[in-house]
Amino acid sequence: MQQNKLKKHSRFYLIDLYAGQGGFISGFNRVDGWEHFLAVEITEKHCNVLREIHPNVPVLQKDVALVNWEEVLDGTEIDCVIGGPPCQPFSQGNNRRNGWNDPRNGVPTFVNAVKNINPKTFLMENVPWLWGSSQKQHVQKLIDELIEFGYTYTDAAILDAADFGAPCHRRRLFIYGTKLPHEWPVKTHKGKHTSARNYLAPLLSNREPDGAPLPEWVKPKIKGSKGDIIVDCKQGNKMGRQYVSLDEPCFTLVSTQGIRHRIRYKGEYYRMRAPEAAALQGMDARCTIDGIGNAVNAWQAEAWAKTMKKYLIDIDQNA
Ligand SMILES: C[S@@+](CC[C@H](N)C(=O)[O-])C[C@H]1O[C@@H](n2cnc3c(N)ncnc32)[C@H](O)[C@@H]1O
């Protein structure tokens, strides 16, 4: 790893674990001062997308559990480790979730990596179910371990990306750890959410409606709705509303069902394709639906990038 080992206080070294197609990275790229040291991701397709759209990020295609951190770091001091371990074991959208003992559970591996890298601060993201269910005890045990390790100010909370300016909702669990007192991101858009229309209308105006007819069973569910709406064509939808006005934030986008969202715009129906989904998540239009539906929302990530940068500057100045 060819990196300057001398710490430059105006640049903060970042490692992203389980990087996917870079939702976290897109948000951190909106804030000056972050320098990507490494992104680790196991899936070749996601690595290729990452390399194409974020050429400033060194990507390592590998299982996070198998990374030899001593070799990779070669003495470099890392400021921040972020990561969203796979959420399938805990996701409410996955009927085959197995919880903590699911072999895909990457949370303990994330915690081990943090201990090996020993950054000044870390942030883990996952689905809310992990923090409000029978799984919470396991997470609490790992938080206690991290506190014992030296991340004295480790805490967890569920935040909605729409409260940070995103044109879609996305409630996610964040676990934030530092060795000195910290602040959490400020909810800049609580009560004044951004409409999905701002991001979707320019894209839809530039393409033909693809005419995708709504499934028959959806039609009664949206009866009485007016004007431009986004429809979630999932049978027995328990996760949220069946439709939402284009003048509100969209519901949470998902990866598992492929393209199941439709948009009624000026009386015509459109499938929500990757460019529309990417716009709502603040990602590049070249990302794929699965990468977008699994990502941290970029507005949410941007709020974290600002908060964590402020923490790092504060501790530098007080050192
Ligand atoms: C929830 S997604 C992360 C999304 C990412 N944080 C973002 O903001 O776009 C989890 C990612 O972990 C990857 N993954 C799963 N198991 C892994 C492992 N053992 N090592 C590295 N990556 C893994 C998956 O391919 C998937 O892209």
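Computed from a predicted structure; not experimentally measured. First listed ligand is number 1; within each ligand, the first listed atom is number 1.
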Q: In sequence, state the C-alpha distance, the side-chain angles, and the governing distance for Asn105 and His138, and then conclude on side chain to side chain donor-acceptor pair (under 3.5 Å).
A: CA-CA 11 Å; Asn105 176 9; His138 302 292; over 6 Å; no
Q: State the atoms of ligand 1, each with its element, that fall below the 4.0 Å cut-off from a heavy-atom position in Ala19.
A: 5 (C), 7 (C), 9 (O)
Q: Compute both the distance and the angle, then confirm whether Arg172 meets the cation-pi test with Trp131: under 6.0 Å from the six-membered ring centre, within 45 degrees of the axis.
A: no
Q | Pairs satisfying ring-ring contact (aromatic ring centres under 6.0 Å, His included), at least one member in residues 102-122, at least two apart | A | Phe122-Tyr151
Q: Kindly confirm or rule out an N or O of Gly23 lying under 3.5 angstrom from an N or O of ligand 1.
A: yes
(Q) Looking only at distances, can you tell me whether any N or O atom of Asp16, backbone or side chain, sits closer than 3.5 Å to an N or O atom of ligand 1? (A) no
Q) Going by the order shown, which atoms of ligand 1 are within less than 4.0 Å of some heavy atom of Gly84? A) 1 (C), 2 (S), 3 (C), 10 (C)
Q) Among Ile82, Val64, Ile42, whose heavy atom sits nearest atom 14 (N) of ligand 1? A) Ile42
Q: Considering only Ile, Leu, Val, Met, Phe, Trp and Tyr, and joining two whenever side-chain heavy atoms are under 4.5 Å apart, list the other residues clustered with Ile25.
A: Leu50, Val57, Val59
Q: Would you kindly specify which portion of Lys62 sits under 4.0 Å from ligand 1, judged on non-hydrogen atoms: side chain, backbone, both or neither?
A: backbone
**Q.** Atom indices of ligand 1 within 4.0 angstrom of Gly20 heavy atoms, with elements
**A.** 27 (O)
Q: Examine Val296 against ligand 1 and note whether any of their N/O atoms are separated by less than 3.5 Å.
A: yes
Q | Polar contact flag for Thr43 and ligand 1 (N/O pairs, less than 3.5 Å) | A | yes
(Q) Could you work out, for atom 12 (O) of ligand 1, the closest of Tyr18, Phe28, Phe24 by heavy-atom distance? (A) Tyr18
